[in-house]
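To start, the structure under review is shown below, and the notes come after it.
Nothing here was measured: the structure is a model prediction, and the numbers come from that model. Per chain, numbering begins at 1; letters A, B, ... match sequence-line order.
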2 protein chains.
Amino acid sequence: MSIQYAILGLLSWQPLTGYDIKKMFSDSTFLYWSGNNNQIYRTLVQLHKSGLVSREIQEQENLPDRKIYSITDKGSKVLRDWVLSEPQVPQLRHPFLIQLAWADQLTDNELENLLNRYQEELEMQLLMVKEQTERKKSFPDRSARENKLWSTISENWIRFYSNELIWLADLRKNLSA
Amino acid sequence: MSIQYAILGLLSWQPLTGYDIKKMFSDSTFLYWSGNNNQIYRTLVQLHKSGLVSREIQEQENLPDRKIYSITDKGSKVLRDWVLSEPQVPQLRHPFLIQLAWADQLTDNELENLLNRYQEELEMQLLMVKEQTERKKSFPDRSARENKLWSTISENWIRFYSNELIWLADLRKNLSA
DNA sequence: GTTGCCATGTAAGGTGTTACATGATTTA
DNA sequence: TAAATCATGTAACACCTTACATGGCAAC
């Protein structure tokens, strides 16, 4: 899946500039792209070319013009079709498991050290996601059902890191047994 | 992280051809690359150029020569350094959450249908990972500690999909409440 | 007689990243 | 006076994927 549907989704709420979108990406965990300029600005141009978004240009003094993008009817339809399309299972890229796979060459101390460092990383991520959920002001509130959906999405990430910590604790137990 | 350390890891067990490696990738969940030719054969050439692997060529009649790659001392060192390097938190690409994020426009029926299809996908994946763990003959057994590490790695994937199913059930409860 | 396995490789393109570039305004 | 924010964009390249190409052998 490419970034374009995520952008269409954001625009389905409100008109935004590329800069706004970029910030929303980097503030959000579940919109998992880095939010780099290259991709966002190019995608917006493409969406505009395909008629899925419209563009209003606001001139500014001493700053580049603001280009405010809005979703079109066609864009809304494409978004809806995508939302109804075949759900994909999450893709997990887990380099740490690959490190572990060949970690038998390490001493017990080195291995323990590795596990400790991984645990720290996880705890940091978990904290970050929790904070994000608290703030969450970057996105507007909507219907009751939408609020449920959104809080369940945050919950998904929190559980992911929590479960990973549980798994890690079990790994320690298993190793020392 | 790129595919090269995974390949070095496989070669740290035994000499292999590109074709062998390709099969191991496509048989394995946690080596999460597609195992396509282009990447594997090119990476092997690069590893060879950098002196991290050596290559023995076995001629065959009527078939392309087998190129059997083995890890070198230098390669073993590089692998070890990588295993000891800073663990990275897993990268989760979860397009379904993005679908859900904009799913408020759907009717209750459409949403339920979407959740059902996602559940089916998850159950299929879970089955596949479990079967893989049962078979698991593609990789040789080693020390007791290594066996622990490997079974914990499989366990990580099984839990991931199981937890996702639990989360999905909770989402249903939450929506109907 | 078609499918799958063995074994190599190439072509083309999609998707994503980091870093570079500009330049005024506000904040610490 | 250094950094962050606003706002656009480009360059270069890393990584990964699907599909194409060859061709013999074995199995069903």
Just how far, in rounded Å, is [atom2] of [N] from [atom1] of [X]?
X: A:I40; N: D:dT10; atom1: CD1; atom2: P; result: 14 Å
X: B:K22; N: C:dA7; atom1: NZ; atom2: P; result: 12 Å
X: B:I21; N: C:dG9; atom1: CD1; atom2: P; result: 12 Å
X: A:D65; N: C:dG23; atom1: CG; atom2: P; result: 15 Å
X: B:Q4; N: D:dC15; atom1: CD; atom2: C1'; result: 12 Å
X: A:I7; N: C:dG16; atom1: CD1; atom2: P; result: 10 Å
X: A:Q58; N: D:dT8; atom1: CD; atom2: P; result: 10 Å
X: A:D20; N: D:dC6; atom1: CG; atom2: P; result: 9 Å

*Kindly say whether the aromatic ring centers of A:W102 and B:W82 come within a distance under 6.0 Å.*
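Centroid separation for A:W102 and B:W82: 6.0 Å or greater.
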Under 4.0 Å between a side-chain N/O of [X] and OP1 or OP2 of [N], yes or no?
X: B:T17; N: C:dT8; result: yes
X: B:K23; N: C:dC6; result: yes
X: A:Y19; N: D:dC6; result: yes

*Quick one: side-chain hydrogen bond (donor to acceptor under 3.5 Å, both in side chains) pairs with a partner in residues 42-53 of chain A, sequence neighbours left out?*
A:N38-A:R42
Which residues pass the salt bridge (Lys or Arg N to Asp or Glu O under 4.0 Å) test with [X], not counting sequence neighbours?
X: B:D104; answer: A:R145
X: A:E131; answer: none
X: A:R55; answer: none
X: B:E56; answer: none

*Could you check B:S34 against B:N36 for side-chain hydrogen bond (donor to acceptor under 3.5 Å, both in side chains), going step by step and ending with a plain yes or no?*
CA-CA 6 Å; B:S34 75; B:N36 70 95; 3.1 Å; yes
Return all side-chain donor-acceptor pairs below 3.5 angstrom for residues 156-166 of chain B, not counting sequence neighbours, or 'none' if the list is empty.
from	atom 1	to	atom 2	distance (Å)
B:N156	ND2	A:E164	OE1	3.4
B:N156	ND2	A:E164	OE2	3.3
B:R159	NE	B:E155	OE2	2.8
B:R159	NH1	A:D170	OD2	3.0
B:R159	NH2	A:D170	OD2	2.8
B:Y161	OH	B:Q125	OE1	3.4
B:S162	OG	B:I158	O	2.7
B:N163	ND2	B:R159	O	3.0
B:E164	OE1	A:N156	ND2	3.4
B:E164	OE2	A:N156	ND2	3.3
B:E164	OE2	B:H94	NE2	2.6
B:E164	OE2	B:Y118	OH	2.8

*Can you check each nucleotide of nucleotides 17-25 of chain D against protein heavy atoms at under 4.0 Å and return B for base, S for sugar-phosphate only, - for none, in 5' to 3' order?*
BB----BSS
*Of the nucleotides C:dG9, D:dA7, D:dG9, which has the atom closest to the B:K67 side chain?*
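Among C:dG9, D:dA7, D:dG9, the one nearest the side chain of B:K67 is C:dG9.
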*All side chain to side chain contact (heavy atoms under 4.5 Å, CB included) counterparts of A:F25, not counting sequence neighbours*: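 A:F25 satisfies side chain to side chain contact (heavy atoms under 4.5 Å, CB included) with A:I3, A:A6, A:I7, A:L10, A:I21, A:L31, A:W33, A:I40 only.
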*For the helix from C:dG1-D:dC28 to C:dA28-D:dT1, how many degrees between its two end axes (five pairs per end), to the nearest 10°?*
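The end axes of the helix from C:dG1-D:dC28 to C:dA28-D:dT1 are about 40° apart, to the nearest 10°.
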*In the hydrophobic clustering (ILVMFWY, side-chain contacts below 4.5 Å, transitive), which residues join B:Y41, or is it alone?*
B:Y19
*Other cluster members, B:I68 - Ile/Leu/Val/Met/Phe/Trp/Tyr, side-chain contacts below 4.5 Å*: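 Listed partners: none, B:I68 stands alone.
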*Can you check whether B:E121 reaches A:E86 side chain to side chain, under 4.5 Å on heavy atoms?*
yes
Please list each protein N or O that sits under 3.5 Å from an N or O in nucleotides 26-28 of chain C, with the distance.
none

